[in-house]
Amino acid sequence: MLEGRMTMDVNKLLSGFLGGQGLGAPGAAGGQGAAGGSARGTDVQALARSAGLPGGLAGGAAAGGLVALLLGTKKGRKLGGKALKYGGLAAVGGLAYKAWRDHQQNRPSGQEPDALSLPKPPADSGFDVDNDQDAQGQDIRLSLMRAMIAAAKSDGHIDAEEHQRIHDQIADLGLGPAEKAAMFDYFSAPADARAIAALARTEAQQAEIYLASALAVDPDTPEEQRYLQDLASHMSLSEGLRGHLDLEAAAARRHAEAV
């Protein structure tokens with residue numbers, strides 16, 4: 001992969017994709033709560049500034065990063081993007097762990113009042129988004145970003161004009177050559193559920209990748225539902241676990257709509 005051939009600042013890349021809060025939000029799952037955060041998630045505002053992200057980006061993605069362009073065309077997608085903006089990628093780990101644990105213990109999912117402020121998963125749980133590596137030895141957060149992009153593209157709604165807007169936005173984000181090339185690579189890749197499924201190294205990562213994908217689609221769109229079904233099938237994700245993951249994704253959307 002491209003990122004393996006060039007030195008890349010993953011925090012800068014994620015700041016461009018999710019916006020300044022995309023690395024983790026105060027109080028959110030895995031974010032900067034009272035107990036502090038990981039080295040990767042420390043002081044997200046400073047990271048956004050150090051990434052050189054300009055304050056007045058064209059195209060409407062200044063506040064929310066590229067995810068605002070990618071997911072902002074339908075209500076379902078927009079709510080998923082808002083959830084990611086509010087909770088950061090660390091929220092994906094918290095939601096996926098909650099769903100996995102509920103499945104294991106035969107308990108209901110998606111009923112918590114604030115789905116985006118779940119406790120950080122235990123260190124030995126396997127749901128460590130901040131420090132884990134995928135099946136290719138890359139930062140798992142890159143896989144989550146790739147999963148969201150592929151899912152959002154799965155119904156073919158991104159036409160040539162929108163591709164050009166995204167291309168222009170990437171060019172204006174102040175990214176370095178490696179980060180910019182990776183972003184172009186991810187957005188130009190087809191929505192291949194098999195390829196995305198292959199990024200998962202563990203069952204925990206399968207749950208995280210599926211959940212991130214579920215947050216990037218409109219749950220009422222048949223094409224995107226077929227994509228999620230294909231993704232789950234390629235990962236041999238059980239229907240029971242998938243159901244819990246879908247419930248947690250829905251809870252995140254509900255909370256995003258309320259805030």
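We're numbering straight along the sequence, starting at 1.
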Colleague: Between Ser233 (side chain only) and Gln229 (backbone N and O only), is there a donor and an acceptor less than 3.5 Å apart?
Modeller: no

Colleague: Taking the side chain as every heavy atom from C-beta outward, state whether His255 and Glu112 have any pair of such atoms under 4.5 Å apart.
Modeller: no

Colleague: Would you compute the distance between atom CG of Leu66 and atom OG of Ser15 and round it to the nearest 0.5 angstrom?
Modeller: 11.5 Å

Colleague: Identify the two heavy atoms, one from Val129 and one from Asp139, that lie closest to each other, and give their separation to 0.1 Å.
Modeller: O-OD1, 4.4 Å

Colleague: Does any N or O in the side chain of Ser188 come within less than 3.5 Å of the main-chain N or O of Asp185, such that one atom is a donor and the other an acceptor?
Modeller: yes

Colleague: For Gly110 and Ala251, which heavy atoms make the closest approach, and how far apart are they?
Modeller: O-CB, 3.6 Å

Colleague: Is it the case that the side chain of Glu208 and the backbone of Leu144 share a donor-acceptor pair, with hydrogens and angles ignored and the cut-off at 3.5 Å?
Modeller: no

Colleague: Inspect the contact between Arg194 and Asp230 and indicate whether a charged nitrogen and a carboxylate oxygen are less than 4.0 angstrom apart.
Modeller: no

Colleague: Looking at CZ of Arg242 and CG of Leu237, how far apart are the two atoms once the value is rounded to the nearest 0.5 Å?
Modeller: 8.0 Å

Colleague: Just so I know, are the side chains of Ile149 and Phe17 near enough to count as touching, which here means a heavy-atom distance under 4.5 Å?
Modeller: yes

Colleague: Between the main-chain N or O of Phe127 and the side-chain N or O of Ser125, is there a donor-acceptor pair closer than 3.5 Å?
Modeller: yes

Colleague: Would you say Asp130 and Lys120 make side-chain contact, with heavy atoms under 4.5 Å?
Modeller: yes

Colleague: Got a salt bridge between Lys98 and Asp102, using NZ or NE/NH1/NH2 to carboxylate O under 4.0 Å?
Modeller: yes

Colleague: So which heavy atom on Phe184 is nearest to which on His167, and how close?
Modeller: CE2-CD2, 3.3 Å

Colleague: Working to the nearest 0.5 angstrom, can you tell me the gap between Gln105 CD and His244 NE2?
Modeller: 10.5 Å

Colleague: Determine whether Met148 and Leu89 satisfy the following criterion, side-chain contact (heavy atoms from CB on, under 4.5 Å), listing intermediate values before the conclusion.
Modeller: CA-CA 11 Å; Met148 284 184 274; Leu89 279 186; 3.4 Å; yes

Colleague: To the nearest 0.5 Å, what is the distance between CG (Leu18) and CE (Met145)?
Modeller: 8.5 Å

Colleague: Taking all non-hydrogen atoms of both residues, which atom of His234 and which atom of Ala197 are closest, and how far apart?
Modeller: CB-CB, 3.6 Å

Colleague: Quick one: closest heavy-atom pair of Ala83 and Ala252, and the distance?
Modeller: CB-O, 3.9 Å

Colleague: For residues Leu142 and Leu199, determine if any side-chain heavy atom of one lies less than 4.5 Å from a side-chain heavy atom of the other.
Modeller: no

Colleague: Are Leu211 and Leu247 linked, directly or through other ILVMFWY residues, by side chains that come within less than 4.5 angstrom of each other?
Modeller: no

Colleague: Could you walk me through whether Ile209 and Arg146 pass the side-chain contact (heavy atoms from CB on, under 4.5 Å) test, one step at a time?
Modeller: CA-CA 9 Å; Ile209 287 172; Arg146 292 171 63 183; over 6 Å; no

Colleague: Quick check against the 3.5 Å criterion: does Glu224 have a side-chain atom that pairs as donor or acceptor with the backbone of Val217?
Modeller: no

Colleague: Go through Tyr97 and Leu118 one step at a time and tell me if the side-chain contact (heavy atoms from CB on, under 4.5 Å) criterion holds.
Modeller: CA-CA 10 Å; Tyr97 174 69; Leu118 291 169; over 6 Å; no

Colleague: With rounding to the nearest 0.5 angstrom, report the CG to OG distance, Asp218 to Ser154.
Modeller: 10.0 Å

Colleague: Would a distance-only check, ignoring hydrogens and angles, find a side-chain to backbone donor-acceptor pair under 3.5 Å from Arg254 to Pro113?
Modeller: no

Colleague: At what distance, to the nearest 0.5 angstrom, does CG of Leu241 lie from OH of Tyr210?
Modeller: 9.5 Å

Colleague: Would you find a donor on one side and an acceptor on the other, under 3.5 Å apart, between the side chain of Lys82 and the backbone of Ala256?
Modeller: yes

Colleague: With a 3.5 Å cut-off and no angle check, do the side chains of Arg141 and Asn131 form a donor-acceptor pair?
Modeller: no

Colleague: Counting only N and O atoms by type, is there a donor-acceptor contact under 3.5 Å from the side chain of Gln206 to the main-chain atoms of Met235?
Modeller: yes

Colleague: Say whether Leu228 and Leu79 are linked into one hydrophobic cluster, either directly or through other cluster members, by side-chain heavy-atom distances under 4.5 angstrom.
Modeller: no

Colleague: Could you go through Ile196 and Tyr227, starting from their C-alpha distance and side-chain angles, then the distance that decides it, and tell me whether this counts as side-chain contact (heavy atoms from CB on, under 4.5 Å)?
Modeller: CA-CA 11 Å; Ile196 296 299; Tyr227 176 83; 3.6 Å; yes

Colleague: What's the shortest heavy-atom distance between Ala99 and Glu248, and which atoms?
Modeller: CB-CG, 3.7 Å

Colleague: Can any side-chain N or O of Asp128 pair as donor or acceptor with the backbone N or O of Asp132 at less than 3.5 Å?
Modeller: no

Colleague: Quick check: does any side chain N or O of Gln205 sit under 3.5 Å from a backbone N or O of Gln133, one acting as donor and the other as acceptor?
Modeller: yes

